[in-house]
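By convention here, the first residue in the shown sequence is residue 1. Computation of the quantities below employed the complete heavy-atom set of this structure, encompassing side-chain atoms and omitting hydrogens, waters and symmetry-equivalent molecules.
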Amino acid sequence: PIPRLSHTSRHDCGSDHTMRCSSVLGCVAVALAAQVVVAAQPFAYKMVSGESSEFVQHRVPIASAVAVHGMHTSYMVKMGQAEVGSGGTSSWTGALAVDSTLGFTFAFFTELAHANVNLKDSKGNAIDLAPLQVTVDVPLSDSGHDGMGLQWRWNDSLPSGVYSLTIEVSTDNVAHFRQRRSTATNDGLVMAWNESPETDLFSHPLTLNSVLGHQIGLAVRVFDSVAHPYSEYMATKVKPEARRSNAGGISNGVLIVTSPSDVETVVPMSDVAADGEWMGSIEATEVGDWRMEAMVTGVNNEGVMFTRSAEHTVVVNQPEIVLTNKVYGILDTKTSRLSIYLMAKPTDDSATDMVFKPYMEVWGKDTTGASVPVAYSENLARLERFFFWNYLRLEIDLRWLTKAGVSTVSGLTARNIYVQDADDQVVLALNMTTPITLIEALNDITDDLAVASTTAIAGVDAALSSIASSTYAGEVTRVMRDGTPPVRNTTAPRVDGKILLVHGFCADKNPFEVQASDWTDAVFYDGAKAGHAKSRSNNKFTEDVVSFIESQNLGTFSAVGQSQGGLVILHMLNYYHTGLDEITTGRKIQSIASPYLGNTALTSLGDLAGILYPECAPPADMGRSGAEAWIAGISQTNIDQMNIYRTQYDKGGLFGNGWCNTIMNTLLENPNDGIVEVVYSAPLTATNVFPVKVGWCHKEDMNWPPSFWDKDRNAEMNLAAGRK
């Protein structure tokens with residue numbers, strides 16, 4: 001039991017002043033107990049704070065702000081039962097609707113050997129596919145690991161109508177494939193594209209708060225992307241006008257849901273508001289990745305039937321913690337920083353192993369008593385425990401309050417609180433507005449709280465008064481933004497002045513190392529050599545890179561990232577104390593071909609990786625919804641440190657418009673580099689974004705050279721990189 005301690009004779013215990021007790025001996029006992037239950041922090045996380053002007057960009061994105069669009073229809077292919085040595089043929093049949101007069105393409109992706117593909121029109125006449133068949137590859141990673149498929153394309157010669165597609169494979173081949181790919185639940189993927197911009201499908205998840213027991217699903221609408229270009233939506237985040245069912249819109253739709261345990265459920269979709277937007281949902285009954293495909297049909301304005309589909313992977317998490325509506329603040333008199341404790345209750349033992357991302361806005365009152373915004377506070381945090389209290393801890397420097405004109409912490413409140421899983425970006429807990437109760441130590445909660453709070457407020461107000469009467473003139477310092485940096489380990493000599501080069505998603509090598517001579521004093525991170533996972537969230541990837549930095553004894557360094565590597569070095573700059581923070585001249589971070597706002601193809605093709613190369617199944621924070629939720633946590637100060645290079649294909653190819661990869665070009669927003677879409681290649685508030693360079697692609701074996709082979713750009717980045 002915790003003793004009821006008097007306020008008249010107590011001693012501080014520990015550097016964070018979270019414990020107070022009636023004697024020095026009591027301090028020892030309390031400290032020993034606390035050491036058992038307070039979680040260890042394996043990394044030096046920053047205590048991030050920033051200006052109130054950033055409040056809006058840090059709030060949880062609304063679901064409709066993470067939309068994608070496309071003119072395709074996809075069909076997961078699952079052949080019949082097959083056993084090795086059984087003989088015979090296994091087949092799959094589906095319907096393809098052709099509604100475009102500009103062009104129609106379909107492709108079949110699989111690792112099944114010797115598949116026979118047959119297409120018949122509505123009268124049963126066979127279509128000769130042989131002259132049009134080409135082998136194509138689909139990039140499943142940033143380096144290596146491409147999937148293969150077959151493609152057929154008609155520019156304008158295939159009449160509109162509904163066609164029957166049949167795929168036949170020997171049962172032996174099917175059985176052998178399933179043995180090799182034990183994790184794959186499907187045998188292939190068929191995708192069909194109609195170049196019909198007046199029948200474009202816009203889609204988004206219903207919620208980003210996808211936790212166990214909640215409803216999850218999709219919302220879709222058909223729109224005219226000529227009259228309402230997608231760029232308008234990106235600029236305003238206002239959904240494009242939907243076509244009604246009687247004016248070329250959707251007339252029927254179903255939501256095909258596959259649960260994490262591979263149970264398929266078909267849910268009817270409906271236009272509840274009669275506004276052209278169709279929705280379908282289901283209760284999330286399992287934790288894991290839910291594959292959702294909205295399959296819709298309609299009749300266009302020319303009287304031709306169309307089908308479209310939209311695919312999203314919705315990550316469902318259990319709410320490992322529940323916020324308790326209690327928030328406490330404790331002043332550290334040595335640093336003039338306020339530790340803020342979000343009191344929480346774990347709902348599962350796994351909560352103690354997780355990395356959370358708590359966020360809050362701090363509000364105070366000015367001299368007139370009016371509420372004023374002070375600053376936001378966020379960080380990466382593990383759930384900590386002091387006796388039977390569990391909490392996530394944030395910090396805020398008292399100078400933020402002085403800067404905002406707040407002279408007393410009486411009436412201090414936390415607003416727009418949310419807690420995310422740092423890996424999949426799922427919002428686990430929300431709390432709109434809660435008073436911040438000032439105390440001197442956590443075990444004051446069991447004492448006379450009113451008395452303890454009055455005493456604590458007086459102490460913090462005195463500290464604020466001292467800051468106001470000092471030479472502080474409103475400047476924002478590194479400590480205000482990032483917290484107090486840890487004392488560096490001096491047992492090993494530091495290596496200063498290096499440039500760290502980080503590869504991208506699921507790479508089989510560090511592509512920068514192919515032309516190592518382009519870089520001076522470079523250190524190449526290679527996850528494949530280190531045996532790290534190929535598919536990782538931004539945070540898991542960053543943990544691996546930070547561990548590598550420590551193993552190399554890097555002191556002051558700058559960084560360059562390719563593709564996901566760009567997201568990783570930005571994540572590191574925002575959340576981790578490293579030698580990046582010590583760069584004072586030159587550029588801290590630079591990137592080439594990085595999808596900061598996500599990727600349409602990863603949203604649509606997530607299951608294809610599971611079929612062809614399961615190790616490259618994309619992480620949640622590289623799809624559109626996960627990326628938007630992730631970038632919302634990055635401070636504007638660190639976004640301003642970014643130096644972003646982008647590329648795209650040159651003119652040529654079909655219709656002279658160019659492409660880097662034919663299949664990806666049908667899925668991605670144009671222009672693109674074969675993987676990264678220009679529209680998603682920079683945060684909307686980024687300032688150092690260089691013009692798109694034409695004639696370069698994302699990786700090897702595309703229609704133009706990979707951007708990391710550009711010696712001129714490499715020389716520019718190498719010269720500009722900060723060294724000290």
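Minimum interatomic distance between Ile631 and Leu570 (heavy atoms only, all atoms of both residues): CD1-CD2, 4.2 Å. A pairwise comparison of heavy atoms in Met269 and Gly280 identifies CE-N, 3.7 Å as the closest pair. Residues Ile569 and Ile589 come closest through the heavy atom pair CD1-CB, 3.8 Å. Closest of all the heavy-atom pairs between His577 and Pro486 is CG-CD, 3.4 Å. Minimum heavy-atom separation, Leu392 to Pro358: CD1-CB, 4.2 Å. Counting all heavy atoms, side chain and backbone alike, Asp621 lies closest to Asn539 at OD2-N, 4.5 Å.
Counting heavy atoms from C-beta on, the side chains of Val48 and Leu380 never come closer than 4.5 Å. In this structure, Val362 and Tyr376 have side chains that are not in contact, with every pair of non-hydrogen atoms separated by 4.5 Å or more. Lys540 has its side chain out of reach of Ser535: every pair of non-hydrogen atoms, C-beta onward, lies at least 4.5 Å apart. With a 4.5 Å cut-off on side-chain heavy atoms, Ser350 and Gln318 count as touching. Two residues are said to be in side-chain contact when any heavy atoms from C-beta on lie closer than 4.5 Å; Leu430 and Ile417 fail this criterion. Counting heavy atoms from C-beta outward, Glu311 and Ser74 have side chains that approach closer than 4.5 Å. Gln425 has its side chain within reach of Lys357: a pair of non-hydrogen atoms, C-beta onward, lies under 4.5 Å apart. Looking at Pro619 and Gln564, their side chains come closer than 4.5 Å, going by heavy atoms from C-beta outward.
With salt bridges taken as basic N to acidic carboxylate O contacts below 4.0 Å, none links Arg646 and Asp673. Salt bridge Asp581/Lys46: present, at least one basic N to carboxylate O contact under 4.0 Å. Between Glu232 and Lys239, no side-chain nitrogen of the basic residue sits less than 4.0 Å from a carboxylate oxygen of the acidic one, so the salt-bridge criterion is not met. Taking the charged nitrogens against the carboxylate oxygens, Asp332 and Arg337 have no contact shorter than 4.0 Å, which rules out a salt bridge. With salt bridges taken as basic N to acidic carboxylate O contacts below 4.0 Å, none links Lys345 and Glu320. With salt bridges taken as basic N to acidic carboxylate O contacts below 4.0 Å, none links Glu384 and Arg382.
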Step-by-step side-chain hydrogen bond (donor to acceptor under 3.5 Å, both in side chains) determination, Glu286 to Ser261: CA-CA 8 Å; Glu286 295 181 52; Ser261 58; 2.6 Å; yes
Stepwise side-chain hydrogen bond (donor to acceptor under 3.5 Å, both in side chains) check, Arg399 with Ser336: CA-CA 8 Å; Arg399 286 173 288 185; Ser336 294; over 6 Å; no
Pair Leu218-His204, side chain to side chain contact (heavy atoms under 4.5 Å, CB included): steps then yes or no: CA-CA 6 Å; Leu218 301 181; His204 62 81; over 6 Å; no
Check against side chain to side chain contact (heavy atoms under 4.5 Å, CB included), Tyr680 and Asn599: CA-CA 7 Å; Tyr680 301 140; Asn599 180 278; over 6 Å; no
Test side chain to side chain contact (heavy atoms under 4.5 Å, CB included) applied to Tyr418 and Val60, step by step: CA-CA 8 Å; Tyr418 64 87; Val60 179; 3.5 Å; yes
Trace of the side chain to side chain contact (heavy atoms under 4.5 Å, CB included) decision for Leu464 with Val409: CA-CA 9 Å; Leu464 284 173; Val409 288; 4.0 Å; yes
Residue pair Glu669, Thr600: steps toward the side-chain hydrogen bond (donor to acceptor under 3.5 Å, both in side chains) verdict: CA-CA 7 Å; Glu669 185 74 17; Thr600 301; 5.8 Å; no
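His698 and Ser563 share a donor-acceptor pair across their side chains, judged by distance under 3.5 Å alone. In this model, no donor atom of one side chain and acceptor atom of the other lie less than 3.5 Å apart for Thr408 and Ser410. Counted by atom type alone, His312 and Ser625 present zero donor-acceptor pairs between their side chains at under 3.5 Å. Judged by distance alone, the side chains of Ser547 and Asp544 never bring a donor and an acceptor atom under 3.5 Å apart.
By the salt bridge (Lys or Arg N to Asp or Glu O under 4.0 Å) test, Arg59 pairs with Glu361, sequence neighbours left out. Listed by chain and number, the residues in a side chain to side chain contact (heavy atoms under 4.5 Å, CB included) with Asp640 are Gln636, Thr687 (sequence neighbours excluded).
Put simply, the side chain of Asp271 gets close to the backbone of Ala274: a donor and an acceptor are under 3.5 Å apart. Remark: the backbone N or O of Ala375 is not paired with any side-chain donor or acceptor of Ser52 at under 3.5 angstrom. For Thr324 (side chain) and Met343 (main-chain N/O), a donor-acceptor pair under 3.5 Å exists by modelled atom type. Side-chain N or O atoms of Asn431 include none that pairs as donor or acceptor with a backbone N or O of Ala429 at under 3.5 Å. Judged by distance alone, with hydrogens and angles left aside, the side-chain atoms of His58 form a donor-acceptor pair with the main-chain N or O of Ala632 at under 3.5 Å. For Asn379 (side chain) and Arg393 (main-chain N/O), a donor-acceptor pair under 3.5 Å exists by modelled atom type. The backbone N or O of Val68 sits nowhere less than 3.5 Å from a side-chain atom of Arg624 that would complete a donor-acceptor pair. Not one N or O on the side chain of Trp290 forms a donor-acceptor pair closer than 3.5 Å with the backbone of Val257. Looking at Ser594, its side chain never comes within 3.5 Å of a backbone N or O of Tyr596 through a donor-acceptor pair. With hydrogens and angles ignored, the 3.5 Å screen pairs no side-chain donor or acceptor of Asn643 with any backbone N or O of Asn688.
Within the structure, side-chain hydrogen bond (donor to acceptor under 3.5 Å, both in side chains) contacts touching residues 211-225 (residues at least two apart or in different chains) are Asp200-Ser225, Gln215-Ser281, Arg221-Glu277, Asp224-Arg243.
If you look at Phe541 and His503, their ring centroids are closer than 6.0 Å. Between Phe223 and His228, the distance separating the two ring centers is not shorter than 6.0 angstrom. A distance below 6.0 Å separates the ring centres of Tyr576 and Phe43. Taking the six-membered ring wherever Trp is involved, the centroid distance between the rings of Phe202 and Tyr233 falls below 6.0 Å. In summary, the aromatic rings of Tyr645 and Phe690 are positioned with their centroids under 6.0 Å apart.
Atom CD1 of residue Ile445 and atom OG of residue Ser453 lie 11.5 Å apart, to the nearest 0.5 angstrom. Between the OG1 atom of Thr258 and the CD atom of Glu264 there is a distance of 5.0 Å, given to the nearest 0.5 Å. Taking CD1 of Ile592 as the reference point, atom CD1 of Ile644 lies at 10.5 Å (rounded to 0.5 Å). To the nearest 0.5 Å, the span separating CG on Leu573 from OG on Ser635 amounts to 7.5 Å. To the nearest 0.5 angstrom, Leu412 atom CG is 7.0 Å from Leu338 atom CG.
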